[in-house]
Amino acid sequence: MWETGVSRGGSRSAGRAAGGEVGARSPGSATRPCDLVTVPARQGLEAVDILRLRDGVGPVLHDGPCDTLGFLVPPGTADGWDVPGSACTQTSARGISLVGPGDRAVPEPPVQGSGWLVPPEGAYADATDPVVLRAALGEAARTIEAVDRCQ
């Protein structure tokens, strides 16, 4: 299980999901917790493509063997998450910075053996909107089902 917190600075968008404006920073807010939706890699990769086409993807982690992907979502998402084939976990606010030193470098992933599929500086938002993610995961599942039927 991954644990993370979110701190975002720099010149990228604070994102619609976080309710911020472009380049906005929260004064005095060093760490903001988030939840993490984990899905099988195949469905997650399809969902990332769908979200990228619609400018709605936040940072996404992958585990070492790439069996699962983890989408950072706003805190509180886990309370009502019920998408079959996925899990949403609350994370502790231990905090990681989603910016590197001097707001330029890519930060290290929060868990050893994981990596960024969509790094924070390449993401559209601080976190993926859970409503948008739910729709993308559904579309991805239907796409995979259609492909598998054709094989």
Side-chain angles (χ1 to χ4, degrees), residues 1-9 12-22 24-26 29-99 106-151:
M1 196 178 302
W2 286 316
E3 295 184 17
T4 186
V6 176
S7 173
R8 183 76 183 255
R12 294 287 306 174
S13 167
R16 293 182 296 208
E21 296 186 40
V22 174
R25 291 186 188 212
S26 301
S29 173
T31 301
R32 185 172 54 85
C34 65
D35 290 351
L36 187 74
V37 171
T38 54
V39 298
R42 187 174 180 202
Q43 184 180 16
L45 290 169
E46 287 289 336
V48 166
D49 285 345
I50 291 163
L51 292 167
R52 280 184 171 159
L53 289 171
R54 298 181 183 140
D55 291 330
V57 70
V60 180
L61 291 164
H62 65 82
D63 62 358
C66 294
D67 292 336
T68 60
L69 297 185
F71 293 83
L72 297 181
V73 293
T77 300
D79 295 336
W81 191 259
D82 61 353
V83 177
S86 68
C88 187
T89 54
Q90 294 177 339
T91 58
S92 69
R94 283 192 215 170
I96 62 164
S97 174
L98 290 187
V99 294
V106 176
E108 288 295 317
V111 176
Q112 189 173 17
S114 69
W116 292 112
L117 178 68
V118 179
E121 76 281 354
Y124 175 76
D126 284 343
T128 301
D129 182 320
V131 173
V132 175
L133 178 58
R134 181 183 308 267
L137 289 172
E139 188 175 335
R142 291 187 298 277
T143 300
I144 291 168
E145 183 179 323
V147 167
D148 288 349
R149 277 195 313 260
C150 293
Q151 293 181 353

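Numbers here are sequence positions counted from 1.
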What are the two closest heavy atoms between Asp35 and Thr77, and how far apart are they?
OD2-N, 3.0 Å
Minimum heavy-atom separation for Ala136 and Ile50, please, with both atom names.
O-CD1, 3.7 Å
Name all pairs fulfilling the side-chain hydrogen bond (donor to acceptor under 3.5 Å, both in side chains) condition that reach into residues 41-52, sequence neighbours left out, sorted by first residue then second.
Arg42-Asp148
No-hydrogen, no-angle side-chain donor-acceptor test under 3.5 Å, Thr68 and Asp63
yes
Taking every non-hydrogen atom, the tightest pair across Pro74 and Pro130
CD-CD, 3.7 Å
How far does OH of Tyr124 sit from CZ of Arg54, to the nearest 0.5 angstrom?
14.0 Å
Looking at every heavy atom in both Val39 and Ser86, which two are closest together, and how far apart are they?
CG1-CB, 3.5 Å
Residues passing the side chain to side chain contact (heavy atoms under 4.5 Å, CB included) test with Leu45, sequence neighbours excluded, are Leu69, Leu117
Between the side chains of Glu139 and Arg134, is the shortest nitrogen-to-carboxylate-oxygen separation below 4.0 Å, so that they form an ion pair?
no
Can you find a pair of side-chain heavy atoms, one from Leu72 and one from Val60, that are under 4.5 Å apart?
no
Do you know the tightest heavy-atom contact between Pro59 and Ala127?
CD-N, 4.2 Å
For residues 69-80, which residue pairs qualify under salt bridge (charged side-chain N to carboxylate O under 4.0 Å, His left out), counting only residues two or more places apart or in two chains?
none
Rounded distance (nearest 0.5 Å) linking atom CZ of Phe71 with atom CG of Leu36:
10.0 Å
Side chain to side chain, Val73 and Trp81, heavy atoms closer than 4.5 Å:
no
Exercise: identify the closest heavy-atom pair between Val118 and Gly58
CG1-O, 3.7 Å
Residues at least two apart in sequence or cross-chain that pass side chain to side chain contact (heavy atoms under 4.5 Å, CB included) with Pro84, listed by chain then number, are none
